[in-house]
Every structure is written in structure tokens, then in C-alpha cells.
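Below, chains carry the letters A, B, ... as their sequence lines are ordered, and counting in each starts from 1.
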There are 2 protein chains.
Amino acid sequence: MAATTPAAAPAPERKRRNAYHHGNLRQALVDQAVRTIRADGVEALTLRDVGAHLRVSRTALYRHFADKQALLVAVATEGFRTFRKELADAWDGAGRGREGFLAQGRAYIRFATENPSHYRVMFGGYVAKGDCGAELAAESEAGFRVLVDALVELQHAGLVRRDPPLELAVFVWGAVHGAAMLAIGGQVVRPDGASAAAAAYTAERVWDAVKAPAR
Amino acid sequence: MAATTPAAAPAPERKRRNAYHHGNLRQALVDQAVRTIRADGVEALTLRDVGAHLRVSRTALYRHFADKQALLVAVATEGFRTFRKELADAWDGAGRGREGFLAQGRAYIRFATENPSHYRVMFGGYVAKGDCGAELAAESEAGFRVLVDALVELQHAGLVRRDPPLELAVFVWGAVHGAAMLAIGGQVVRPDGASAAAAAYTAERVWDAVKAPAR
DNA sequence: ACCTGAACACCGTTCAAGT
DNA sequence: ACCTGAACACCGTTCAAGT
């Protein structure tokens with residue numbers, strides 16, 4: 001049987017006396033990092049703090065990760081996994097086609113606004129060094145592929161212009177990514193309310209940018 | 001007469017013996033920070049290092065800035081100043097209209113790809129806290145206004161759809177910002193060559209997204 | 001006013017050592 | 001194998017002191 005995570009209490013009160021603590025320390029470390037990042041942002045993430053919350057020495061982490069960067073890579077990887085799932089669900093759930101495309105765009109921005117700190121870890125360049133993270137690369141490419149596949153299908157249906165799908169996908173990804181960053185950044189413009197409406201507007205404008213020209 | 005900056009040599013060789021060193025330490029600090037950021041990225045920026053390059057104690061900075069964050073705000077502010085100038089020049093230089101809009105989009109992405117680290121300080125959320133930086137806010141809003149004004153003019157000429165200009169501008173800014181981030185991030189997609197061509201493609205797609213619908 | 005040098009608290013990481 | 005505690009190098013920041 002897989003062990004359920006034992007100690008997820010927000011207030012770390014209980015004292016454990018056992019010597020070897022966790023059944024799955026690696027996952028517990030990632031989960032705790034995600035919690036801290038969600039609550040206080042990446043810059044507040046401290047290895048010492050992660051260890052303290054898990055009642056574990058601050059160096060125990062090095063048994064499972066090469067360094068702090070590797071922990072962040074794991075966080076980003078997990079983010080991309082659920083991210084991709086939400087994109088694919090939106091596309092399928094709205095019945096593909098034009099509506100599916102719009103739903104996917106809205107889902108993208110919704111993910112970012114609901115998990116701003118996590119999203120920043122995924123795209124903020126904290127991870128971009130390219131050193132490690134074959135799994136991260138695979139996971140993020142899988143998310144990108146959801147979009148590419150949708151665009152190809154829309155092209156075959158005659159709904160989207162017949163530019164090279166990769167070029168098209170980079171534009172779409174960039175446009176939605178930029179809208180997401182502005183929505184969660186507070187830079188230049190403040191969200192001030194209906195970010196869902198802004199997301200819908202963005203999705204529609206992007207559709208106009210890529211739809212097949214009238215003939 | 002205004003003093004010209006005296007010591008901008010890349011290799012800090014010369015030894016100054018004077019007691020009170022710089023005529024304009026504040027500007028020298030910003031310049032040095034920009035140099036370090038451009039060369040090695042934000043994460044390599046260290047107050048100790050800035051001081052060492054300027055042959056100044058590492059705490060001298062606190063006479064001119066409240067903390068490291070304030071120095072980064074100054075860097076971002078200066079970035080926004082030249083950024084806005086390049087956008088306005090592109091718009092005017094291409095004779096406004098549709099061509100001006102496309103030129104402005106290309107200039108935006110060019111600035112980002114030519115000054116990736118500086119661009120990240122401006123938009124990477126290193127500065128977003130909103131504490132200080134009234135000047136920063138004014139400068140970044142001025143850049144945004146270049147775009148809004150252009151869109152309004154294009155609307156009056158019947159070239160751009162008559163959505164609320166602010167909504168329109170947020171979309172355009174986001175789309176180009178996202179393309180710029182992807183171009184300099186190495187995330188999801190690698191630039192692998194003609195980033196100028198990608199910029200031109202992005203600008204054209206954005207134009208299709210905002211142009212007045214055929215009637 | 002402007003700058004310095006010593007000191008402080010905090011961080012990521014290493015390493016010899018325990019079970 | 002997995003975890004610990006002490007130690008190291010480095011960081012931003014503070015502060016009493018110098019000119």
C-alpha cells in the first residue's frame with residue numbers, strides 16, 4: 001500500500017520521536033515547497049524552513065535533490081503536469097473546434113491567476129539554466145504539444161490559417177502567456193476585478209489572429 | 001558644466017587615491033548595476049561587487065538607496081525610459097498607421113532580445129511590490145501610453161476595431177510581452193536563429209487580432 | 001553630507017559522523 | 001541507505017565612528 005502523507009498540519013505542533021521519519025521524504029519536500037511558494041512566493045522559500053516544517057534536518061534534502069535549484073525544478077515539473085491536464089480538459093470539454101480553442105485559452109490564464117507563484121516558478125526563469133531537468137523539459141513540451149495538436153486539427157477543419165503550426169503555436173502561447181503574466185504581475189496594469197472577463201477577451205483576440213482569413 | 005562620467009573602463013585597473021570619490025555616485029551605482037546585470041544577470045548582482053567595482057565601501061550605497069530593491073527600481077526606471085523612446089521612434093519612424101504599429105511591435109521584441117537581463121528586471125517581478133517607485137510607475141505608464149495613443153489614432157483612422165482602447169492595449173502589450181519572454185527565456189521553445197523574423201510574424205498576427213473587421 | 005570598517009543575522013552547501 | 005550537527009563561505013543590512 002502507498003503511504004498517505006502523515007503530517008500536513010499547518011501548525012507544526014506534534015513532536016515525532018522516531019528516528020527515520022518519512023516514508024516518502026522526496027514527495028513531502030516537494031509538497032512543502034509548493035505550500036510555501038503558494039503562501040509566500042518563491043523568494044520566501046528556504047531550505048531551512050522546508051526542513052523545519054517537515055521536522056527534518058535542513059540537510060536531509062540533499063539525499064533527494066542535488067541543490068535548491070533541483071527542488072524548484074521538481075516543483076515546476078509537477079506544475080506542468082497539472083497545467084497540461086487542465087489545458088487538455090478544457091479543449092476536450094468544450095468540444096474542440098473554435099469553442100475548444102477559446103476554452104483552452106481561458107483555462108491557461110485561469111491556471112496562472114489561481115496559482116501565480118507556482119506559475120512564476122514554471123516560467124519565471126528560475127529554472128531555465130538547462131542543466132538538469134530532462135523530465136521538466138518533457139513535461140513542458142507535452143503541454144506545448146496540446147496546443148500544437150489543437151492548432152493542427154483546427155487547420156485541417158479549415159478554421160485556422162495554414163501557417164507552419166509551430167510558428168503559430170509559439171505566437172499563441174506567447175500571447176496568452178503575456179496576458180497571464182500581466183494579470184498576475186501588477187505591472188503596467190492592475191487586474192482590478194474581472195480577470196476572467198479579460199481572459200475571455202484575450203482568447204477571442206487570439207482567435208481573430210489565427211483564424212483562417214475570409215475567402 | 002555637467003561632469004562626464006570619469007571611470008567606465010571594463011577592467012578596473014586605475015587606483016584612485018582621493019578620499020571622497022565620485023562626483024555622482026548615485027548614477028555610477030546604477031550604471032555599474034546595469035553593467036553587471038547585462039553581463040551576468042540579476043542573480044549575480046551583489047552590493048559588495050558593485051561597491052568593489054566602484055572602489056567604494058559596500059555600504060556607501062545606502063547613502064543613495066534605501067536597499068538593494070531600490071537600486072533595482074532605479075535600474076528598471078532607466079530601462080523604461082529608453083524603452084519608451086525606442087517604441088515612440090519606431091512608431092513615428094515608420095510613418096504611423098499600420099506600418100507604424102508593426103514597427104512598434106518589432107521594436108518591442110528587439111529591445112527585449114537585445115537587453116534580456118535588463119528586460120527581466122523591468123518585467124520579472126523583482127520590483128512589483130509597489131512599495132517605492134512612483135517614478136518607476138510613471139515611466140512604465142508612459143511607455144504603455146505610447147501604445148494606447150497609437151491605438152486610439154488607428155481607431156480614428158478606421159484601421160483598428162473600436163473596442164475600449166485600454167482593453168485593446170492590454171491585449172497587445174501582453175501578446176508582445178509574451179513573445180518577448182519566450183524569445184529570451186529559452187522556455188518551451190528555443191529561439192534558434194531568426195528572432196527578428198519571429199518578431200515580425202508576431203507583429204503581423206497581433207495586427208490581425210486588432211484590425212477593424214471587414215465590413 | 002558623505003564614506004568607512006566591524007559586526008549581525010541569515011542563507012545554501014559541505015562533511016565527518018551516527019544508525 | 002538515510003539522517004544529523006557543526007562548520008564554511010557568502011549575502012544584505014545596521015551602526016558607531018571618522019572626515
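- Rounded to an integer number of Å, the gap from B:Leu29 CG to C:dC2 C1' is 13 Å.
- Checked by atom type and distance alone, the side chain of A:His53 never pairs as donor or acceptor with a backbone atom of A:Ala33 at under 3.5 Å.
- In this structure, A:Arg205 forms a cation-pi arrangement with A:Tyr201, its terminal cationic atom sitting closer than 6.0 Å to the ring centre and no more than 45° off the ring axis.
- Below 30°, between 30° and 60°, or above 60°: for B:Trp173 and B:Phe144 the angle between ring planes is above 60°, a perpendicular geometry.
- In terms of modelled atom types and a separation under 3.5 Å, the side chain of A:Arg58 and the main chain of A:Thr46 share no donor-acceptor contact.
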Which atoms of nucleotides 12-17 of chain C (N or O only) lie under 3.5 Å from a protein N or O atom, and what are those distances?
from: C:dG12; atom 1: OP1; to: A:Leu47; atom 2: N; distance (Å): 3.4
from: C:dG12; atom 1: OP1; to: A:Lys68; atom 2: NZ; distance (Å): 3.0
from: C:dG12; atom 1: OP2; to: A:Leu47; atom 2: N; distance (Å): 3.2
from: C:dG12; atom 1: N7; to: A:Arg48; atom 2: NH1; distance (Å): 2.4
from: C:dG12; atom 1: O6; to: A:Arg48; atom 2: NH2; distance (Å): 3.4
from: C:dT13; atom 1: OP2; to: A:Tyr62; atom 2: OH; distance (Å): 2.9
from: C:dT13; atom 1: OP2; to: A:Lys68; atom 2: N; distance (Å): 3.0
from: C:dT13; atom 1: O5'; to: A:Tyr62; atom 2: OH; distance (Å): 3.2

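- No side-chain donor-acceptor contact under 3.5 Å links A:Glu86 and A:Thr82.
- Atom CG of B:Asn24 is separated from atom P of C:dC2 by 11 Å (rounded to the nearest Å).
- Closest approach of A:Ala203 to A:Leu102, counting heavy atoms only: O-CD2, 3.4 Å.
- Atom-to-atom, CD of A:Glu43 to C1' of C:dC10 comes out at 16 Å; the value is rounded to the nearest Å.
- Not counting sequence neighbours, B:Arg110 has no partner by the side chain to side chain donor-acceptor pair (under 3.5 Å) test.
- With a 3.5 Å limit on both pairing distances and Watson-Crick or G-U wobble geometry required, the stems of 3 or more pairs in DNA chain D span C:4-8 with D:12-16, C:12-16 with D:4-8.
- Phosphate proximity of C:dC3 to B:His64: present, with a side-chain N or O under 4.0 Å from OP1 or OP2.
- Using a 30° and 60° split on the angle between ring planes, A:Tyr119 and A:His177 fall in the tilted class, from 30° to 60°.
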